Amino acid sequence: MQSARQFLGPAPLTSTQGERGTHWIRHEDGDRLWFVLDKQGVSTNTLDEPVLSELRDLLDEVEQGEWKALVFRSAKPSDFAAGADLKQFVGIDTASAVRAKIDEANAVIDRIAALKIPTVAAIHGTCVGGGLELALACDWIVAREDASVGFPEVLVGLHPGLGGTARLTHRISPIEAMKLMLTGRTLKAAKACKLGIVDAVVPERDIANAVNAAITGRLARRGGGRVASAMNLLPARTAAAVQMRGETEKQAPKEHYPSPHALIDLWVRHGGSEEDMLKAERASFAALLPTETAQNLVRTFFLRERLKANGKGASGIGHVHVVGAGTMGAEIGAWCALRGLRVTIEDPNRAALGKAMAEAHKLFGRRLDDPERLRAKDRFVPDTHGNGVRHADLVIEAGPERPDLKRQIYARIEAEVRPDTILATNTSSLDLDALKQGLARPGRFVGIHFFNPVSRLELVEVVRHRTTDADVYETALRFVADIGRLPLPVKASPGFLVNRALMPYLGEALLMIDEGVQRERIDAAAEKFGMPMGPVELADQVGLDICLAVADSLGRDLDRPMPDVPQWLRDKVANGELGRKTRKGLYDYGSDGKPEKDKVRQAPDDAMRDRLILPMLDAMAAALDEDVVADADSADAAMIFGTGFAPFRGGPIHYARKRGFADISATLEALATELGPRFSPSGWWRKAED
Ligand code: NAD
């Protein structure tokens, strides 16, 4: 058998070496043992029952034998382990159903922690959630430079459940530990080392040496043991928790997101003793897992995977030319450059180009380290004469929302591009079948509809018109996935899916303002439901001019009544009060870009919620009925990733299903009687119920 020092080459261990079990490879290295995780049939390691039960058997030998050290590694190129396999969490509806499994899994990890011989986790790539918990149960953590660590559990409505809460708060400053767990953030190896989560950061070639140094006691301990013990005393915990609770409530209200609050409670009550906290963590985790929030957030995780799968494979797009450097063009161009593409961007307005460059550089500054930042700047090129068109694989048009102007742009571009270049429009509301009229190659024309802001909203609707070539469409879907966004296939139709659903919601809010309802109260009704921002603020954010254009075009093109647009809104737009971008819209805006809001005078009620939310649901039902989008799960995903629709509700249609389609339909009927036929329910609800 080869020795560990030999098989630790520049790449992570390959799965052909050592003695293979199903998910683990066992290597002997003199008097040391290496357990290498290589979960069968998948590219990423996750922890689940079969993985842990095989490990349980392997540990028997360690406990009974004469081994002098145990080292954990992974054979996957990109990760140590990405945490628990979330599939095992789907459909859990009682705490008791999960409690026994949690105890069993913890028993395996606890056995690692209790071993009398030195234990080392040599991590690389992604090491999060359960992967990090396994590593934390070891005496030492040696990280390769590309490693990243974190506890993302809070993002799926949970907190660590394999001892991570107790072990991390007792290994490093508990304040830092709590911050990491409460935000779900991932840290790069260097930062993790500074905090004491890992003990050393080394390149691959030095892993074996670092492991050896750890085992032989020659590695300096990084942990923040002393800080940890002082900060874990009750008075310190109680004092720190006050601020944590306040900040957490602002970001994630307890009513909708119980898990970060449960985590704070856990630490405050049990942080004084690692052992107590280990025990209490299990009970707390088991109580969280069946909650609707956790189940819906786990669902949301899989919805994201579903969208990602729409763009599998490389697109082959290397150079994107963007036409129009306004709000959207600038963002799209910057994002593509950030994600590694060559980008040229043109605009007749030089000031717009200058602003686009400045904003892009800010984005690169926030997201990238040097030298990547410089490379991104080099990749993003202002192109006053539009010369980039000739070299582009993909041209994205983000000019003003005027069909005549867009057609002029297309005529010029088509004359210059290569025959195989794809021409895409970012239009929000124009009919693609009409826009393509006059194109020499309509098959190469497609809609790639980004949301604002591109860096935050992951969804991109990829729109096919009646004659889009299949290969063009496929490439467009892959391009979106290539740049780390989530592609949603939609059929060309007014407002596609997301704007069609959003507009009735915004329109209803405008009518409420017209009726004299306080703006802040309207926003509060939606926020209470769980929307990231209310419809009044959202309309300002999107831009009242854009809202008006989309509302008018939907009112014209859809054969369903839309809320009437009040005249005062048209006047506002005519006066240049366009919302946040002009610092004046439905709200006024301070220099910090935040709306100046009054206190809510009267708490919103459920009737307000229904009047705002149900029209959005009904528009989605109609879109499903017309096959604008493939299925209800895709539609739910679109609203979560395109608008921030309350993810803890699992998506609009999922919410409707929970509440009962019949109830939704009946409530819409009642609203139609009271407020007008725009509320008449789509026939889809009845069909979907059958
Ligand atoms: P914008 O007015 O901010 O930007 C349009 C830019 O196009 C301006 O900088 C303008 O100078 C430039 N332009 C004008 N004529 C041009 C020409 N002949 N060639 C090249 N550029 C020209 O508009 P926007 O909000 O960025 O919207 C652009 C497109 O994106 C529209 O089709 C809109 O429907 C769509 N969209 C907007 C949003 C949003 O939230 N703003 C979201 C999704 C999609």
Side-chain angles (χ1 to χ4, degrees), residues 321-335 344-360 382-389 392 395-416 423-432 434-435 445 447-463 480 485 488 490 492 494-500 502-503 506 533 537-554 557 573 576 578-582 585 638 642-644:
H321 182 81
V322 181
V323 181
T327 311
M328 290 310 288
E331 289 232 7
I332 294 167
W335 185 260
T344 42
I345 182 164
E346 62 164 272
D347 196 301
N349 179 349
R350 276 176 183 257
L353 269 184
K355 190 164 169 240
M357 287 297 128
E359 290 297 320
D383 182 11
T384 356
H385 301 294
N387 294 330
V389 166
V395 176
I396 301 179
E397 170 275 308
E401 193 72 329
R402 282 178 33 206
D404 54 330
L405 219 136
K406 286 192 191 289
R407 283 210 194 90
Q408 275 173 27
I409 293 174
Y410 301 159
R412 172 173 61 83
I413 286 171
E414 265 209 323
E416 294 189 29
L423 172 60
T425 176
N426 184 48
T427 181
S428 301
S429 59
L430 298 175
D431 177 2
L432 263 69
L435 273 185
F445 181 58
I448 303 187
H449 181 226
F450 288 83
F451 291 85
N452 179 13
V454 176
S455 55
R456 249 204 7 250
L457 293 173
E458 293 173 82
L459 186 80
V460 178
E461 289 176 320
V462 182
V463 192
V480 170
R485 304 287 81 179
L488 175 81
V490 289
F496 315 128
L497 174 72
V498 172
N499 280 337
R500 177 174 179 167
L502 216 47
M503 278 305 141
L506 299 185
M533 90 177 35
E537 195 179 333
L538 180 62
D540 268 354
Q541 158 113 354
V542 171
L544 299 183
D545 51 339
I546 304 273
C547 290
L548 188 58
V550 179
D552 280 344
S553 94
L554 286 183
D557 298 339
V573 171
L578 306 182
R580 191 163 164 252
K581 58 188 167 189
T582 57
T643 73

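Owing to the predicted nature of the structure, the values given are computational and were not obtained by experimental measurement. Position 1 is the first residue of the sequence; numbering continues from there. When a ligand or atom number is given, it counts from 1 through the structure's own listing order.
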Pair up each side-chain donor or acceptor in residues 324-335 with any protein partner under 3.5 Å, not counting sequence neighbours, and list the distances.
unit_1 : atom_1 : unit_2 : atom_2 : d
E331   : OE1    : V454   : N      : 2.8
W335   : NE1    : I483   : O      : 2.8

Pairs of nitrogen or oxygen atoms, one from ligand 1 and one from the protein, closer than 3.5 Å: please tabulate them with distances.
unit_1   : atom_1 : unit_2 : atom_2 : d
ligand 1 : 3 (O)  : T327   : N      : 3.0
ligand 1 : 3 (O)  : T327   : OG1    : 3.2
ligand 1 : 9 (O)  : G326   : N      : 3.4
ligand 1 : 9 (O)  : D347   : OD2    : 2.6
ligand 1 : 11 (O) : D347   : OD1    : 2.7
ligand 1 : 11 (O) : D347   : OD2    : 3.4
ligand 1 : 26 (O) : T327   : N      : 3.3
ligand 1 : 26 (O) : M328   : N      : 2.8
ligand 1 : 30 (O) : N426   : ND2    : 2.9
ligand 1 : 32 (O) : G399   : O      : 3.4
ligand 1 : 32 (O) : E401   : OE1    : 2.5
ligand 1 : 32 (O) : K406   : NZ     : 2.7
ligand 1 : 34 (O) : E401   : OE1    : 3.0
ligand 1 : 34 (O) : E401   : OE2    : 3.1
ligand 1 : 34 (O) : S428   : N      : 3.2
ligand 1 : 34 (O) : S428   : OG     : 3.0
ligand 1 : 36 (N) : S428   : OG     : 3.1
ligand 1 : 40 (O) : N452   : ND2    : 3.2

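Salt bridge status for K406 with E401: present, with a side-chain N to carboxylate O gap under 4.0 Å.
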Please assess H385 against E346 for the test side-chain hydrogen bond (donor to acceptor under 3.5 Å, both in side chains), listing each intermediate value before the final yes or no. CA-CA 7 Å; H385 301 294; E346 62 164 272; over 6 Å; no
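Here the side chains of V480 and I448 are in contact, with some heavy-atom distance below 4.5 Å. Side-chain contact between Q541 and K581 is absent, with no heavy-atom pair separated by less than 4.5 Å.
Shown here is R412, whose CZ atom has more than 12 heavy atoms of other residues, nucleotides or ligands within 6.0 Å.
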